[in-house]
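These notes concern the structure reproduced below.
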Amino acid sequence: MDKNKLPEMLAFLQKVSEMNEDTVYDSSGEYLVNAIIDLVRDKGFTSISEDFNTPFIHPMITIQKWAKELKRIVIENFSEKN
């Protein structure tokens with residue numbers, strides 16, 4: 001997990017949480033989606049990880065569902081970085 005992406009991940013999650021269901025998926029942010037998935041798996045958040053593994057559900061649905069918790073996880077990891 002590249003900790004240098006944490007500020008970008010937080011900004012992405014903030015944008016998603018502000019728009020929530022109205023979020024339009026932009027494939028240019030896929031690297032952030034994948035970084036968030038990796039972070040959740042690396043840190044052992046099994047409930048969220050299981051949601052990312054749900055067949056036929058796009059990862060953005062899971063990010064929208066867990067946006068508040070994902071922001072907290074990113075912030076905690078940002079604090080660990082410093």
Side-chain angles (χ1 to χ4, degrees):
M1 205 325 283
D2 182 1
K3 291 198 177 235
N4 292 323
K5 289 183 186 167
L6 290 172
E8 224 177 333
M9 290 164 58
L10 187 57
F12 176 76
L13 289 167
Q14 185 62 38
K15 180 180 170 185
V16 168
S17 66
E18 288 171 359
M19 293 186 210
N20 206 359
E21 289 85 18
D22 296 331
T23 302
V24 176
Y25 179 67
D26 179 0
S27 61
S28 69
E30 189 165 348
Y31 74 101
L32 292 171
V33 171
N34 291 330
I36 291 167
I37 293 169
D38 290 343
L39 175 63
V40 167
R41 288 184 181 142
D42 290 349
K43 295 297 179 178
F45 291 92
T46 54
S47 295
I48 302 173
S49 291
E50 288 172 4
D51 274 5
F52 279 119
N53 291 328
T54 304
F56 308 110
I57 301 292
H58 194 280
M60 280 303 296
I61 302 296
T62 301
I63 287 176
Q64 289 169 335
K65 175 181 175 182
W66 292 96
K68 184 176 180 180
E69 292 82 357
L70 290 169
K71 285 193 289 186
R72 182 184 47 80
I73 292 166
V74 170
I75 289 168
E76 287 173 1
N77 280 276
F78 189 72
S79 297
E80 289 175 13
K81 177 185 172 196
N82 296 326

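Atoms CG and NZ, on Asp38 and Lys5 in that order, are 8.0 Å from each other to the nearest 0.5 Å. The CD1 atom of Ile36 sits 9.5 Å away from atom CG of Leu10, with the distance rounded to the nearest 0.5 Å. Summarising the geometry, atom CD belonging to Glu69 is positioned 6.0 Å from atom CD1 belonging to Ile48; distances are rounded to the nearest 0.5 Å. Of the inter-residue distances, the one linking Thr54 atom OG1 with Lys65 atom NZ reads 7.5 Å to the nearest 0.5 angstrom. Here NZ of Lys43 is found 10.0 Å from CD1 of Ile73. Values are rounded to the nearest 0.5 Å.
Using a 4.5 Å cut-off between side-chain heavy atoms of Ile, Leu, Val, Met, Phe, Trp and Tyr, Phe56 forms no hydrophobic cluster with any other residue.
Remark: Arg41 pairs with no residue by the salt bridge (Lys or Arg N to Asp or Glu O under 4.0 Å) rule, at least two apart or across chains. With sequence neighbours left out, Ser47 forms a side chain to side chain donor-acceptor pair (under 3.5 Å) with no residue at all. Under the rule for a side-chain contact (heavy atoms from CB on, under 4.5 Å), the partners of Asn34 that lie at least two apart in sequence or sit in another chain are Glu30, Ile37.
Ile75 and Val40 fall within the same hydrophobic cluster, defined by Ile, Leu, Val, Met, Phe, Trp and Tyr side-chain heavy atoms under 4.5 Å apart, directly or through other members.
For the salt bridge (charged side-chain N to carboxylate O under 4.0 Å, His left out) condition, no pair includes a residue of residues 52-62, sequence neighbours left out. Residue pairs meeting the ring-ring contact (aromatic ring centres under 6.0 Å, His included) criterion with at least one partner in residues 27-54, sequence neighbours excluded, do not occur; the list is empty.
Of all non-hydrogen atoms in Leu39 and Leu6, the two that sit nearest each other are CD2-CD2, 4.3 Å.
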- Should Ile61 and Gln64 be marked as a side chain to side chain contact (heavy atoms under 4.5 Å, CB included) after you check the CA-CA gap, both sets of side-chain angles, and the distance that decides it? CA-CA 5 Å; Ile61 302 296; Gln64 289 169 335; 3.9 Å; yes

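Proximity of Met9 to Leu70: side-chain heavy atoms (C-beta onward) are nowhere separated by under 4.5 Å. Contact check for Ile63 versus Phe12: side-chain heavy atoms found under the 4.5 Å cut-off.
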